Amino acid sequence: MKIKDRIKSLRRVPAGKLLPNPKNWRTHPEQQRDAMRGVLAEVGFADAVLARETPDGLMLIDGHLRAEVAPEAKVPVLVLDVTEEEADKILATHDPLAELAGVEPG
(Lines give C-alpha, C1' and ligand atoms only; values in the text may rest on other atoms or scores of the structure.)
Protein backbone atom coordinates (compact mmCIF):
# COMPACT_ATOMS: atom_id res chain seq x y z
CA MET A 1 0.00 0.00 0.00
CA LYS A 2 1.32 3.44 -0.91
CA ILE A 3 0.53 6.06 1.72
CA LYS A 4 0.66 9.78 0.92
CA ASP A 5 2.32 12.29 3.24
CA ARG A 6 -0.21 15.13 3.36
CA ILE A 7 1.67 17.33 5.83
CA LYS A 8 2.69 20.49 4.03
CA SER A 9 4.26 22.38 6.90
CA LEU A 10 4.45 22.93 10.65
CA ARG A 11 3.65 26.47 11.75
CA ARG A 12 3.13 28.18 15.07
CA VAL A 13 0.05 30.35 14.87
CA PRO A 14 -1.94 32.32 17.46
CA ALA A 15 -4.87 30.02 18.20
CA GLY A 16 -7.34 32.88 17.91
CA LYS A 17 -6.43 33.31 14.24
CA LEU A 18 -7.40 29.74 13.34
CA LEU A 19 -10.82 29.43 11.75
CA PRO A 20 -13.19 26.97 13.42
CA ASN A 21 -14.55 24.36 11.04
CA PRO A 22 -18.31 24.89 10.68
CA LYS A 23 -18.67 21.13 10.13
CA ASN A 24 -17.07 20.27 13.48
CA TRP A 25 -19.51 17.87 15.12
CA ARG A 26 -17.80 17.68 18.51
CA THR A 27 -19.06 19.62 21.50
CA HIS A 28 -16.89 20.52 24.48
CA PRO A 29 -18.64 20.79 27.83
CA GLU A 30 -17.16 23.02 30.53
CA GLN A 31 -15.76 20.02 32.44
CA GLN A 32 -13.71 19.03 29.39
CA ARG A 33 -12.61 22.64 28.84
CA ASP A 34 -11.43 22.87 32.45
CA ALA A 35 -9.53 19.58 32.11
CA MET A 36 -7.85 20.79 28.90
CA ARG A 37 -6.89 24.10 30.55
CA GLY A 38 -5.35 22.14 33.42
CA VAL A 39 -3.30 19.88 31.16
CA LEU A 40 -2.12 22.82 29.05
CA ALA A 41 -1.16 24.75 32.19
CA GLU A 42 0.79 21.81 33.58
CA VAL A 43 2.31 20.25 30.46
CA GLY A 44 1.81 22.73 27.61
CA PHE A 45 1.21 21.85 23.98
CA ALA A 46 2.40 18.32 23.27
CA ASP A 47 0.51 17.78 20.03
CA ALA A 48 -0.21 19.85 16.93
CA VAL A 49 -3.66 20.83 15.74
CA LEU A 50 -4.57 19.99 12.13
CA ALA A 51 -5.63 22.63 9.62
CA ARG A 52 -5.89 23.30 5.92
CA GLU A 53 -5.39 26.49 3.98
CA THR A 54 -8.51 28.26 2.73
CA PRO A 55 -8.90 31.64 1.02
CA ASP A 56 -9.97 33.04 4.43
CA GLY A 57 -7.05 31.56 6.41
CA LEU A 58 -6.15 28.34 8.20
CA MET A 59 -9.28 26.29 9.00
CA LEU A 60 -9.13 23.72 11.77
CA ILE A 61 -9.72 20.06 11.08
CA ASP A 62 -8.75 18.80 14.54
CA GLY A 63 -7.86 20.69 17.71
CA HIS A 64 -10.82 23.00 18.16
CA LEU A 65 -10.82 22.70 21.94
CA ARG A 66 -7.13 23.52 22.30
CA ALA A 67 -7.59 26.57 20.08
CA GLU A 68 -10.70 27.69 21.98
CA VAL A 69 -9.25 27.47 25.50
CA ALA A 70 -5.96 29.18 24.61
CA PRO A 71 -6.81 31.82 21.96
CA GLU A 72 -3.76 33.98 22.75
CA ALA A 73 -1.25 31.11 22.68
CA LYS A 74 0.80 30.22 19.65
CA VAL A 75 -0.14 26.64 18.86
CA PRO A 76 1.74 24.16 16.68
CA VAL A 77 -0.29 23.62 13.50
CA LEU A 78 0.25 20.84 10.99
CA VAL A 79 -0.92 22.39 7.73
CA LEU A 80 -2.27 19.65 5.51
CA ASP A 81 -2.44 19.54 1.73
CA VAL A 82 -6.00 18.21 1.54
CA THR A 83 -9.19 19.16 -0.26
CA GLU A 84 -12.31 20.21 1.62
CA GLU A 85 -13.76 16.73 1.04
CA GLU A 86 -10.63 15.07 2.44
CA ALA A 87 -10.70 17.44 5.43
CA ASP A 88 -14.33 16.43 6.02
CA LYS A 89 -13.30 12.76 6.06
CA ILE A 90 -10.47 13.45 8.53
CA LEU A 91 -12.84 15.47 10.72
CA ALA A 92 -15.39 12.65 10.69
CA THR A 93 -12.93 9.82 11.39
CA HIS A 94 -9.94 11.16 13.35
CA ASP A 95 -11.37 10.91 16.87
CA PRO A 96 -13.63 7.88 16.27
CA LEU A 97 -10.67 5.85 14.97
CA ALA A 98 -8.65 6.72 18.08
CA GLU A 99 -11.58 5.65 20.26
CA LEU A 100 -11.42 2.15 18.75
CA ALA A 101 -8.14 1.48 20.56
CA GLY A 102 -8.14 -1.13 23.28
CA VAL A 103 -6.65 -0.92 26.76
CA GLU A 104 -3.59 -2.90 27.72
CA PRO A 105 -4.13 -4.44 31.15
CA GLY A 106 -1.49 -3.68 33.66
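The shown structure was predicted, so the numbers you read here are calculated from the model rather than taken from an experiment.
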Next item on the list: Would you check if Leu58 and Val79 make a side-chain contact, meaning some heavy-atom pair closer than 4.5 Å?
Entry: yes
How close do [X] and [Y] get, counting heavy atoms only, and between which atoms?
X	Y	value
Ala48	Leu78	CB-CG, 3.7 Å
Met59	Thr54	CB-CG2, 3.8 Å
Ala15	Ala70	CB-O, 3.2 Å
Leu18	Val13	CD2-CG1, 4.0 Å
Ala67	Leu60	CB-CD1, 3.9 Å

Charged N-O contact under 4.0 Å between [X] and [Y]:
X	Y	answer
Arg11	Glu53	yes
Glu86	Arg52	no
Lys23	Glu84	yes

Notebook entry, point to check: Which of these passes side chain to side chain contact (heavy atoms under 4.5 Å, CB included) with Ile61: Asn24, Asp88, Val82?
Noted result: Val82
Check: Hey, is CD on Glu85 packed in by over 12 heavy atoms from elsewhere, all under 6.0 Å?
Finding: yes
Rounded distance [0.5 Å steps], [atom1] in [X] versus [atom2] in [Y]:
X	Y	atom1	atom2	answer
His28	Leu65	NE2	CG	5.0 Å
Leu50	Asn21	CG	CG	11.5 Å
Ile90	Leu80	CD1	CG	5.5 Å

Checklist line | Pairs involving residues 67-82, ordered by first then second residue, that meet side-chain hydrogen bond (donor to acceptor under 3.5 Å, both in side chains) (sequence neighbours left out) | finding: Arg33-Glu68
Note to self: According to a hydrophobic-cluster definition based on side-chain heavy atoms being under 4.5 Å apart (Ile, Leu, Val, Met, Phe, Trp, Tyr only), do Ile7 and Val75 belong together?
What the structure shows: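 In one cluster with Ile7: Val75, no.
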Margin query: One pair to check against side-chain contact (heavy atoms from CB on, under 4.5 Å): Arg12 and Leu10. What are the steps and the verdict?
Written below: CA-CA 7 Å; Arg12 286 184 167 68; Leu10 169 65; 3.9 Å; yes
